[in-house]
Student: 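Pasting a structure here, questions to come.
Numbering starts at 1 and runs along the sequence shown.
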Amino acid sequence: MPAVGILAFQGDFAKHREAFEKLKCGVRLVKSATQLSMCDYLVIPGGESSVIDRFIKSTGLDKPICEFAERKPVWGTCAGMILLAGTVTNDPTISPLGLLDIAVERNGYGRQFESFIEIGELSVNGTPEPLEMVFIRAPKISAIGTGVDVLGKCRGESVIVRRQNVIATAFHPELTNTLRFQEYFLSMSS
């Protein structure tokens, strides 16, 4: 049974936990390097990116997460995408981990009341398929560097990107009734 670690300082980690438990995964909440070392996957959830950033730095988890990503899959959702990016264009207080060569804008789709749900497209193995996407104060990707693949779009914007073991979604798959994206994430270890 794979062990999915979910960074649990702040944010939407409980919904991620429910989704992976439905897929019969072992789930570990991660707040330390020791807890991270017992995991096969890591999810950085949505939430308040500046708060999660401070917890990562204050607990010294930044380097262990980067080392983990060299060997095992890491998925960032919404705020998690911001923390995995190379650059945050509109908030110099956040120092992202730089695991994806992308530039992102915090709240790029607007504030809370501008949040939306829409059917976007997930494209893996060359076969696009519809996927429900929940955007809540979502980051918008403003630039994509070399080696980063676009695996999903919504409203013509890139919203799923991957580079090797690292994947990020601007939206929240854990808030829908489908487990399609979680299944794809689990397949990244093979």
Side-chain angles (χ1 to χ4, degrees), residues 3-17 19-20 26-112 135-148 158-175 182 185 188-189:
V4 177
I6 303 173
L7 202 65
F9 293 124
Q10 189 267 342
D12 193 23
F13 55 87
K15 286 292 185 184
H16 280 287
R17 179 181 201 157
F20 283 107
V27 177
R28 297 177 185 273
L29 299 182
V30 172
K31 293 182 177 179
S32 71
T34 300
Q35 292 167 331
L36 178 61
S37 70
M38 295 184 281
C39 298
D40 302 305
Y41 301 82
L42 176 66
V43 176
I44 302 177
E48 186 59 45
S49 56
S50 58
V51 174
I52 299 172
D53 180 48
R54 281 197 299 273
F55 275 117
I56 288 173
K57 302 301 185 306
S58 68
T59 57
L61 259 174
D62 45 350
K63 185 176 178 187
I65 290 173
C66 292
E67 292 171 351
F68 186 92
E70 292 175 9
R71 299 172 284 111
K72 298 178 180 178
V74 175
W75 168 24
T77 301
C78 194
M81 170 183 270
I82 293 169
L83 295 166
L84 293 175
T87 305
V88 181
T89 60
N90 61 345
D91 190 338
T93 67
I94 296 177
S95 52
L97 297 167
L99 292 171
L100 280 170
D101 186 10
I102 58 173
V104 298
E105 176 186 353
R106 285 185 78 198
N107 301 324
Y109 292 89
R111 294 285 176 191
Q112 188 82 22
F135 292 82
I136 303 171
R137 296 175 50 210
K140 184 178 278 189
I141 298 173
S142 55
I144 298 175
T146 57
V148 177
S158 299
V159 296
I160 307 171
V161 289
R162 177 181 176 178
R163 179 181 176 274
Q164 298 172 350
N165 290 331
V166 181
I167 193 162
T169 56
F171 58 96
H172 293 267
E174 77 281 7
L175 297 180
Q182 287 83 355
F185 177 59
M188 287 173 56
S189 69

Student: Please enumerate all residues that pass salt bridge (Lys or Arg N to Asp or Glu O under 4.0 Å) together with R163, with sequence neighbours excluded.
Tutor: none
Student: Might you work through the side chain to side chain contact (heavy atoms under 4.5 Å, CB included) test for I160 and I167, ending with a clear yes or no?
Tutor: CA-CA 7 Å; I160 307 171; I167 193 162; 4.1 Å; yes
Student: Can you see which heavy atom on P45 is nearest to which on A79, and at what distance?
Tutor: O-CB, 3.9 Å
Student: Which pair of non-hydrogen atoms, one from V166 and one from A69, has the smallest distance, and what is that distance?
Tutor: CG2-CB, 3.8 Å
Student: Can you name the residues that form a side-chain contact (heavy atoms from CB on, under 4.5 Å) with A8, not counting sequence neighbours?
Tutor: F13, L29, K31
Student: Mind checking what makes ring-ring contact (aromatic ring centres under 6.0 Å, His included) contact with F9, not counting sequence neighbours?
Tutor: F55
Student: Do R162 side-chain atoms and Q164 backbone N/O form a donor-acceptor pair below 3.5 Å?
Tutor: yes
Student: The criterion is salt bridge (Lys or Arg N to Asp or Glu O under 4.0 Å); which residues satisfy it with R137, sequence neighbours excluded?
Tutor: E48
Student: Can you tell me how the ring of W75 sits relative to the ring of H16, calling it parallel under 30°, perpendicular over 60° and tilted otherwise?
Tutor: perpendicular
Student: Provide the closest heavy-atom pair for G46 versus H172 in the form atom of the first, atom of the second, distance.
Tutor: CA-CE1, 3.9 Å
Student: Is T87 reaching over with its side chain to a backbone N or O of T89, donor-acceptor style, under 3.5 angstrom?
Tutor: no
Student: Side-chain contact test, heavy atoms from C-beta onward, threshold under 4.5 Å: evaluate it for V104 versus K140 and give yes or no.
Tutor: no
Student: Show every side-chain hydrogen bond (donor to acceptor under 3.5 Å, both in side chains) that has at least one partner inside residues 61-71, sequence neighbours left out.
Tutor: none
Student: Which heavy atom of M38 sits nearest a heavy atom of R28, and at what distance?
Tutor: O-NE, 3.4 Å
Student: How far does SG of C78 sit from CZ of F135, to the nearest 0.5 angstrom?
Tutor: 9.0 Å
Student: Under the side-chain contact (heavy atoms from CB on, under 4.5 Å) test, which residues partner P64, sequence neighbours left out?
Tutor: A33, L36, L61
Student: By side-chain contact (heavy atoms from CB on, under 4.5 Å), which residues pair with A168, not counting sequence neighbours?
Tutor: M81, L84, L100, V161
Student: Distance check, rounded to the nearest 0.5 Å: N107 atom CG versus I136 atom CD1?
Tutor: 12.0 Å
Student: Could you give the distance from CD1 (I141) to CD1 (I102), rounded to the nearest 0.5 Å?
Tutor: 4.5 Å
Student: Please check: side-chain N/O of K57 versus main-chain N/O of S95, any donor-acceptor pairing under 3.5 Å?
Tutor: yes
Student: Name all residues meeting the side-chain hydrogen bond (donor to acceptor under 3.5 Å, both in side chains) criterion together with K72; count only those two or more places apart in sequence or in a different chain, and write none if there are none.
Tutor: none
Student: CD1 of I82 to CG of L97: how many Å apart, nearest 0.5 Å?
Tutor: 12.0 Å
Student: Counting C-beta onward and ignoring hydrogens, is there a side-chain heavy-atom pair between S32 and T59 closer than 4.5 Å?
Tutor: no
Student: Are the side chains of V74 and F185 in touch, meaning some heavy atoms are under 4.5 Å apart?
Tutor: no
Student: Check salt bridge (Lys or Arg N to Asp or Glu O under 4.0 Å) between D91 and all other residues, then give those that pass, not counting sequence neighbours.
Tutor: R106
Student: To the closest 0.5 Å, what do you measure between CD1 (I65) and CG (L99)?
Tutor: 8.5 Å
Student: Suppose we screen for salt bridge (Lys or Arg N to Asp or Glu O under 4.0 Å). Which residues come up paired with D40, at least two apart in sequence or across chains?
Tutor: none
Student: Report the residues that fulfil side-chain contact (heavy atoms from CB on, under 4.5 Å) with P96, sequence neighbours left out, ordered by chain and then residue number.
Tutor: V88, I94
Student: Which atoms form the tightest heavy-atom contact between T169 and P173, and what is the distance?
Tutor: OG1-CD, 3.9 Å
Student: Restricting to non-hydrogen atoms, name the atom on S189 and the atom on Y41 that form the minimum distance, rounded to 0.1 Å.
Tutor: OG-OH, 2.8 Å
Student: Can you list everything that forms a ring-ring contact (aromatic ring centres under 6.0 Å, His included) with F20? Sequence neighbours excluded, please.
Tutor: none
Student: Side chains of I144 and S158, heavy atoms from C-beta outward: is any pair under 4.5 Å?
Tutor: yes
Student: How long is the gap from CD on Q10 to OG on S50, to the nearest 0.5 Å?
Tutor: 8.0 Å
Student: So do V4 and C39 actually touch side chain to side chain, heavy atoms under 4.5 Å?
Tutor: no
